[in-house]
Amino acid sequence: MANHRRKLMEGNKVLFAAILFLALLQSLNAASVQFPKLVNGTAEPVDASRYEYAIDGKTTISRTGLAQKDGQDNVDPTAAKFNMPTKNGDGCAATNLTALTWAHAVNSQKELTEALNSDIDMIEADIVMGKINNTGPDMPVMAHPPANNSDISLESFLQQIKKYNDGNKEKMKGVKLDFKSIEVFEGALKTLEDKIPEMTYPIWLNADIISGPVNQNNTIPVDPQRFFAGSSKFPQAVLSIGWTTKWSSDFNNGSYTSQEIDAMILAIKANNITETGQPITFPVRAGIAANSQEELHDLVKAINGTNTSTLTIWSSQNDYVDIAKLRELIFSFGFDRVYLDVPEEVSSQLDLGREDNEDSGSENGGPQGNGAEGNNHALTSLVNFSLISAGLYLFSLYLEKLRL
């Protein structure tokens, strides 16, 4: 009898050890959901309940920027490469916007020729009112303030891009025009009215319309009312609207405040942009955006019910950027909601694993995940398997003790 009790006590110890293993396994499983996940080829928020706002899964944005219903024969399946996020028929996101590549400050004939002969997807350029080769009347030309002289006008710039795109349907490039003042934008309206209706490729109109971080008061924002009034002539254009910013390698503390977010929402609603449904992307500076995850989600949540909206994360060459926080921000929105326009040094540190469909084999044409995410899941699976095996082994010992 004593021997039986001894064996039973030994069996109970084994059972208790097995229970501890299973409890540890459950704890690990609960923790593992905190790792970033890629679902149907695109990153989704880790905690979906925290960021509940809908994206209209029944429409896509074509190359002309006009909404079209899913299933229409004339919807260009490659349109998702450029404009706003698209959904396939089953509502699953299939777009990897972070994979698009950019050419910056394409403000000369030489730089435009190089951009057109490259593999980049988007050409970004600045417009000022100035002269061609310091002669003739003032007109919209390609240059960044304080320069007011160029060897290429806005008209010629847009003509050359159209000619290239007409002859290279499979490699068309989008255009982002950056206006530093309302006077420049209004001075360019006549040229835009002539050229934009001819475009069958993405056109973005960019302006900083709200004064923003960090106590930025050196740059005057573009007047939002006048900017929206002019851009309303071009419903196919994406509105790229942001904040003036102050940041450098010496800054590491600053964010888009709730007041600055509210000012942007108010400007959009006050100028009836929510009524037009025009697509919007919010250009946000990487180092500041990394500290503003909750505020930026509030912004997109407030607008996304009426206007398809994304973030365009950008950075100057020597900006301080908290890579871990920026990476978390990108994954919280998803690869179908974020354009990434940052220096190669920042992009490589983010390690997003942004391969295209041909490179990655993804059925949905989206990213396969990043190295850290894959390693996390591989490690989790290996540890889970080990714990399960140990638990089953201990439980079998318990049963054997009972039989004895």
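Counting begins at 1 with the first residue of the sequence.
- Not counting sequence neighbours, Glu155 has no partner by the side-chain hydrogen bond (donor to acceptor under 3.5 Å, both in side chains) test.
- Between the CD1 atom in Ile182 and the CD atom in Gln225 there is a gap of 10.0 Å [rounded to 0.5 Å].
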*Are Asp121 and Lys173 close enough, and set up right, to give a salt bridge (charged side-chain N to carboxylate O under 4.0 Å, His left out), and what steps lead you there?*
CA-CA 5 Å; Asp121 299 306; Lys173 303 182 188 302; over 6 Å; no
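- Distance alone, capped at 3.5 Å, is enough to place a donor-acceptor pair between the Arg327 side chain and the Leu350 backbone.
- Under a 4.0 Å N-O distance rule, the pair Lys176/Asp178 does not qualify as a salt bridge.
- The side-chain hydrogen bond (donor to acceptor under 3.5 Å, both in side chains) test applied to Asp208 returns no partner, not counting sequence neighbours.
- Residue pairs meeting the side-chain hydrogen bond (donor to acceptor under 3.5 Å, both in side chains) criterion with at least one partner in residues 264-278, sequence neighbours excluded, are absent.
- The side-chain hydrogen bond (donor to acceptor under 3.5 Å, both in side chains) check on Thr312 picks up Thr281, with sequence neighbours excluded.
- Using modelled atom types, one finds a donor on one side chain and an acceptor on the other under 3.5 Å when comparing Arg285 with Thr245.
- For Trp204 and Trp102, the ring centers are positioned less than 6.0 Å apart.
- Under the rule for a side-chain hydrogen bond (donor to acceptor under 3.5 Å, both in side chains), Lys233 has no partner lying at least two apart in sequence or in another chain.
- Listed by first and then second residue, the salt bridge (charged side-chain N to carboxylate O under 4.0 Å, His left out) pairs involving residues 95-110 are Lys110-Glu114 (not counting sequence neighbours).
- Between Val184 and Met129, the closest heavy-atom pair is CG2-N, 3.9 Å.
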*asked:* Checking Met264 against Leu299 for the side chain to side chain contact (heavy atoms under 4.5 Å, CB included) test, could you report, in this order, the C-alpha distance in whole Å, the side-chain angles of both residues, the deciding distance, and whether it holds?
replied: CA-CA 8 Å; Met264 177 65 74; Leu299 170 64; 4.1 Å; yes
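- Under the side-chain contact (heavy atoms from CB on, under 4.5 Å) test applied with Ile161, the options Ile203, Ile123, Asp166 reduce to a single match, Ile123.
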